[in-house]
K.L.:
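Quick one: the structure is below, and I'll ask about it shortly.
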Amino acid sequence: MGFSTVAIHAGNEPDPSTGAVSVPIYQTSTYAQDGLGRHKGYEYARTQNPTRSALEKNIAALEGAKFGFAFASGMAAIDTTLKLVKSGDHVILGDNTYGGTFRLFNRILVDYGIEFDLADTSDISNLEKAFKPNTKMVFVETPTNPVMTVTDLKAVSDISHAHGAKVICDNTFMSPYFQRPIEFGVDIVVHSTTKYLNGHSDSVGGFVALNDEKDAEWIGFVQNGIGAILSPMDSFLVLRGTKTLAVRMEAHDKNGRVVANFLAEHPRVEKVYYPGLVSHPQHELAKRQQSGFGGMVSFETGSLDNARKVLEGVKLCTLGESLGGVESLISHPASMTHASVPAETRDKLGITDGLVRISVGIEDVEDILADLDQALS
Ligand SMILES: *Cc1c(COP(=O)(O)O)cnc(C)c1O
């Protein structure tokens, strides 16, 4: 079955008690039991909720995974996944992950005995050098946020498996519509559903998708044991969001390409980061690994002052954190999403004070271009 058919039907069975076509929001904390030890498979809503189960089936199917788990946020999903490693284990983390992921390792997990090293995984020889005898996991994001560096998922999976390490891929930027990491050998896919999967900037959530039964059992156990579950209302919203994922991603991609090309030719813009541009150093890899380039575009304005003029000059684009919603959002990575990344690391990555990131929405593209043009001028 095609992607859109799966998106609309997987997990979306008509409600057994009423026939409701849309999965109801089961806003309940508990379930009446027929007798001692006799129930309908639902005991307590942290452990099981039908709205959440429907969403878990849905996104797992979209990622080509057997198992899926929905969480209260992308960070809760990532933290739960990190419960697969134990004190004394070593993790290789891409050097340009989402700022919150870096902070989780750098400020929280280190105190629990999880060792980690950063590596620029876009160059496999860097990754090779980072392995240690106790490396149990490699965590990558591709394309990265905000400088859009692409990592070869097949190469990372092959080399990591040869070292006995699992590969986790944060697939938030591409969504399963444009990139399905499991097809390249990745073991576990994580998401912030807050972004494209929900797509309407009205819910915070996270997801873990995987095929390994033993790991899935542990993730499910930790999901219930720690309890950072996605609420019924949010599960409903994301389930509604994924039904239009294909059409939204097509629209984001179409607008993203136009905006990237426009910026690349704009005299006030020094550099554009977008894997869809032939000038992007990994354009060929992106074409091979992704079926589209999406709506995330970053560009260099040259200085904090120039960046401020753009960010405060836009009228249609909204200045704000987050991404992946239908509306265009514009942000300043150095002071917003990546403020928790040390300044020297930011410099090394190209996250300069003049860098501006746009999550290109699905408005009429002429209006987005006109807004950027007037702000740049
Ligand atoms: C937003 C984001 C996260 C964190 O997700 P939350 O839902 O905000 O907790 C993780 N990874 C990426 C790539 C993100 O964009």
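Model, not experiment: these values are computed from the prediction. All ligand and atom numbering here is 1-based and tracks the order in the structure.
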K.L.:
Please determine if K195 forms a cation-pi arrangement with Y98, meaning its NZ or CZ atom is less than 6.0 Å from the six-membered ring centre and no more than 45° off the ring axis.
P.N.:
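Yes, K195 lies over the aromatic ring of Y98.
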K.L.:
Do any N or O atoms from the side chain of N12 and from the backbone of I8 form a donor-acceptor pair under 3.5 angstrom?
P.N.:
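Checking the backbone N and O of I8 against the side chain of N12, a donor-acceptor pair under 3.5 Å is found.
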K.L.:
Any donor-acceptor pair under 3.5 Å linking the side-chain atoms of N224 with those of R46?
P.N.:
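Per modelled atom types, R46 and N224 side chains form a pair under 3.5 Å.
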K.L.:
Backbone or side chain, does any N or O of M75 fall under 3.5 Å from an N or O of ligand 1?
P.N.:
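Yes; at least one N/O pair falls below 3.5 Å.
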K.L.:
Hey, what do you get for CD (Q179) to CD (Q289), rounding to the nearest 0.5 Å?
P.N.:
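Nearest 0.5 Å value for the CD-CD distance: 5.0 Å.
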K.L.:
In terms of residue, atom name and distance, what is the protein heavy atom nearest to atom 8 (O) of ligand 1?
P.N.:
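That would be Y98 OH, 3.9 Å.
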K.L.:
Below 3.5 Å, N or O to N or O, backbone or side chain included: is there any such pair between T194 and ligand 1?
P.N.:
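Min N/O separation from ligand 1 is below 3.5 Å for T194.
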K.L.:
Counting from 1, what ligand 1 atoms have a heavy atom of E141 closer than 4.0 Å?
P.N.:
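Ligand 1 atoms under the 4.0 Å threshold to E141: 13 (C).
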K.L.:
Given K136, which of D215, D187, D89 fulfils the salt bridge (Lys or Arg N to Asp or Glu O under 4.0 Å) condition?
P.N.:
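Of the listed options, the one satisfying the test is D89.
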K.L.:
How about H39 and D34: does a side-chain donor come under 3.5 Å of a side-chain acceptor?
P.N.:
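The criterion, which ignores hydrogens and geometry beyond distance, is not satisfied for D34 and H39.
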K.L.:
Enumerate the atoms of ligand 1 whose separation from the nearest heavy atom of G205 is less than 4.0 angstrom.
P.N.:
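Once the distances to G205 are compared, the set is 7 (O).
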K.L.:
Do me a favour and list the nearest non-hydrogen protein atom to atom 12 (C) of ligand 1 with residue, atom name and distance?
P.N.:
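Of the protein heavy atoms, D170 OD2, 3.4 Å lies nearest.
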K.L.:
Atom 6 (P) of ligand 1: which protein heavy atom is closest, and how many Å away?
P.N.:
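The answer is G74 N, 3.3 Å.
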K.L.:
Please report which non-hydrogen protein atom sits nearest to atom 15 (O) of ligand 1, along with the residue it belongs to and the distance in Å to one decimal place.
P.N.:
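Result for atom 15 (O) of ligand 1: K195 NZ, 2.7 Å.
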K.L.:
Short N/O distance, under 3.5 Å, between S192 and ligand 1?
P.N.:
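Looking only at distances, the answer is yes, because the N/O contact criterion of under 3.5 Å is met.
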K.L.:
NE2 of H280 to CE of M148: how many Å apart, nearest 0.5 Å?
P.N.:
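So the NE2 of H280 and the CE of M148 are separated by 7.0 Å.
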